[in-house]
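A short worksheet on the structure shown next.
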Amino acid sequence: MRWIGLLFGLVVFTGVTGGAYLASARGWGLSGMLDKPISIRQQSVGRSRHGGPMFLYFGTRRHYGGGFRGGK
Amino acid sequence: MARELRCPNCGGDHTLVNPGISMLVCDYCKTVVYWDEETALKTGQQSILPEGDTRLFMHATGKLMGRGYEVIGHLRYDHGRGTWDEWYLQLDDGGVAWLSEDGRQLSLERFMRPDPNLPPPEQLQVGLQLTMGDAHYSVREVGTAVCVGGQGQLPFTVLPGERYPYADLASMDGTRFATLEYDEGRAPRCFTGEVLGHDQLSVDDEPPPSTAGAHEGRHIKCPNCDAPLEVTGAREVQTQVCEYCGAQNDMTGPEARVMGVNPEGFDPGFVFEIGQAGTFRGQRYEVCGRMLYEDDEGYQAREYLLHNPNEGYLWLASESGHYLLNRPTQQAPAYDPFRMQPKQRVSVAGSTFQFYEWGTSRLVYVDGALPWQAKTGDTNHYADLIAPPRMFQVESDGQEVEYFIGEYMTPQEVYTAFGIEDRPPTVWSVHPAQPFRRGPVAKILMLVGGLFALANLGLLLWSMGQGGHELLEQTFMASSYLKECVSRPFTVGPEAVMSMRIDAPLNNSWLACDVALLDDKSQSVIAEADAEISYYQGVEGGESWSEGSRSSTTYFKAPPSGTYRLILKASAGSGEAGMARGEPLTIRVAQGAVLSRFFLVAFIITLLVPLFEIVRQVLFEKRRWAPVTEDDDDDGSSWDDDSY
């Protein structure tokens with residue numbers, strides 16, 4: 001019984017610890033890319049006061065907190 | 001030169017073994033013959049000594065601690081609850097020795113010069129501590145001894161029927177003994193002794209057959225019901241309970257005498273039968289007596305007296321289905337256990353025990369044959385000390401204190417010892433001396449789980465320092481980030497985890513920013529993030545306070561390798577609805593960080609088994625102590641009675 005317990009413990013706990021290491025290094029569960037890239041050329045519609053194109057990504061895109069904000 | 005002496009009563013010739021002899025019991029007519037300093041012979045009554053359960057016997061020879069001996073004299077005393085024997089030995093080298101035999105315990109005794117400061121007999125009480133010579137003793141027994149009779153030749157005169165107060169003492173570790181004997185009008189005689197192992201005394205021959213039990217072979221009838229008493233042979237029996245009427249018969253005299261009777265129609269609930277044999281400590285024991293006790297609160301305890309002809313007695317105590325195998329010991333606790341509080345620690349012969357409880361128990365039922373006098377209604381005070389799986393028990397009836405050391409046995413172990421194949425009833429309660437047992441699988445899982453928990457804790461701490469390598473650090477002024485701005489380009493590598501940290505020297509202000517990750521090559525935003533920081537501080541009621549943080553870190557999955565920029569737009573404010581103060585905002589982007597959260601989860605998972613086992617043990621200990629720590633009736637106060 002002792003050996004069965006040892007084997008069971010080693011398998012389970014090694015799996016848990018190994019899984020934790022993989023997940024930590026690979027960033028499992030982290031927010032990633034947007035479903036579809038957004039071209040800033042389409043988004044940038046303004047003009048600067050100097051006459052050139054004005055960058056207005058957030059000014060034209062309404063988003064609702066769908067990005068990443070997770071901790072470690 | 002050996003001196004010859006003729007018995008004045010029958011003319012029988014005797015050769016005195018040594019010049020110190022001043023009394024003999026005639027070998028032929030059993031008359032006590034003694035003489036004084038003027039060598040005038042006197043005769044006393046006959047001394048007919050009943051046979052007893054002793055290892056030694058008259059004229060026995062053998063080796064005492066390597067020295068040859070012959071038993072030349074024998075005295076037996078009765079202390080009211082039993083007898084003990086004193087053996088006078090002539091040694092081969094011309095010396096003499098006294099051996100005391102009580103039950104199966106032998107002790108070698110030496111005369112000690114009496115201490116004039118010893119208390120008078122009326123001041124002696126059980127538990128009193130005395131220092132004699134270089135040893136510290138406690139009084140274990142007080143009483144009045146009666147000389148039952150003697151045999152052979154003795155160096156002083158003791159006539160049958162003589163009575164004298166005495167006290168038996170033992171050192172705290174139980175290795176040394178002392179006896180105080182108070183002769184009328186004289187200073188007490190003091191003997192000190194040491195326990196003698198049975199291997200230190202050899203006897204050349206087997207005792208003659210007549211030294212078997214006093215009543216063996218005699219036809220004795222129960223005085224209560226006239227039924228024949230089945231007298232057990234080969235051991236001393238002082239109480240024989242009639243199996244027909246339950247009369248508790250005193251067997252110390254020539255005839256049986258009724259001391260008490262078991263309650264009629266009462267079922268004592270014993271599990272094992274008289275005569276049932278079992279194997280304990282590798283030896284075969286037989287149940288020779290059974291007792292049912294009830295304490296102050298009505299709790300019942302059953303005791304089985306087990307006997308082995310060579311090993312003596314063991315007590316198998318049963319309470320609520322639990323078992324404790326007890327044997328007597330001479331070792332005493334360092335403090336009076338009747339004055340202790342639950343869980344208080346005390347040393348007994350080098351081991352530490354914890355006081356559990358004390359109380360009074362009453363004998364409710366008894367059967368079988370016992371080597372002491374017992375009757376229903378007998379009470380004694382007890383105190384229990386525990387060091388699972390051991391229990392140290394103190395029992396006192398006021399005249400004598402006895403100590404027992406017991407070891408917990410599971411019901412299954414007891415059933416196996418008796419060869420019973422049935423499974424014992426399941427016991428759910430916790431016995432005071434019951435050890436907390438952990439199965440082999442639980443033990444190994446606890447060990448492995450604990451090791452892995454430590455490993456995960458180490459990984460958790462290690463991961464907290466793994467922030468990765470920095471890709472970008474850039475500070476933006478409010479004039480930029482309050483509108484919208486773009487960072488310098490940075491190159492993202494293959495590592496999976498990226499982090500973005502924002503810092504601003506906020507003071508009673510806040511800042512919220514939206515960030516987008518811009519692929520420099522395709523000029524497309526492929527990820528977005530937002531972060532908020534706020535920091536407030538002040539003084540209130542003379543105490544300073546602060547809340548919030550001036551930095552925040554966000555983790556996200558790294559995009560494919562390439563060059564990227566951040567698009568940043570923030571809003572800020574101060575106070576409750578104040579304007580932005582324009583603190584500079586620093587952004588740091590790093591790659592290759594190791595997340596900590598999974599190691600925390602793994603730490604918790606691997607810790608579950610050890611934690612479960614620890615909680616189980618704590619709950620077990622709580623149940624062990626519950627009867628004495630949660631009992632309102634037991635306030636832990638000690639008895640008013642000074643003696644125990």
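Chain identifiers are assigned alphabetically (A, B, ...) following the order of the sequence lines, protein sequences preceding nucleic acid strands; residue numbering begins at 1 within each chain. Since the model is a prediction, treat every value here as computed from it, not as a measurement.
- Between B/F452 and A/F13, the ring-plane angle classifies as tilted under the 30° and 60° cut-offs.
- Taking 4.0 Å as the cut-off between side-chain N and carboxylate O, B/R565 and B/D520 count as a salt-bridged pair.
- Residues B/I502 and B/C513 share a closest heavy-atom pair of CD1-SG, 3.8 Å.
- For chain B, no part of A/L22 is nearby; none of its heavy atoms comes within less than 4.5 Å.
- Interface remark: of the candidates A/L6, A/T14, A/T17, A/L10, A/T17 forms the most heavy-atom pairs closer than 4.5 Å to chain B.
- Of all the listed residues (A/G5, A/A20, A/G27, A/S24), the one sharing the greatest number of non-hydrogen pairs under 4.5 Å with chain B is A/S24.
- Using a 4.5 Å cut-off between heavy atoms, A/A23 contacts chain B through both its backbone and its side chain.
- Ring planes of A/Y21 and B/F599: tilted class, angle from 30 to 60°.
- Only the backbone of B/A558 comes within contact range of chain A, judged by heavy atoms closer than 4.5 Å.
- Looking at B/L445, the atoms closer than 4.5 Å to chain A (heavy atoms on both sides) sit in the backbone and in the side chain alike.
- A/W3 does not touch chain B: none of its heavy atoms, backbone or side chain, sits under 4.5 Å away.
- Of the two parts of B/A516, the backbone and the side chain both hold a non-hydrogen atom closer than 4.5 Å to a non-hydrogen atom of chain A.
- More than 12 heavy atoms of other residues, nucleotides or ligands lie within 6.0 Å of CH2 in B/W545, so this atom counts as buried by the packing criterion.
- Atom CZ of B/F612 has 12 or fewer neighbouring heavy atoms from other residues, nucleotides or ligands inside a 6.0 Å radius.
- Interface remark: A/I4 contributes no atoms to any contact with chain B (heavy atom separation under 4.5 Å).
- Ranked by heavy-atom pairs shorter than 4.5 Å toward chain A, the options B/V497, B/V609, B/L451 are led by B/V497.
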(Q) Could you go through B/M446 and B/I444, starting from their C-alpha distance and side-chain angles, then the distance that decides it, and tell me whether this counts as side chain to side chain contact (heavy atoms under 4.5 Å, CB included)? (A) CA-CA 5 Å; B/M446 198 174 168; B/I444 201 78; over 6 Å; no
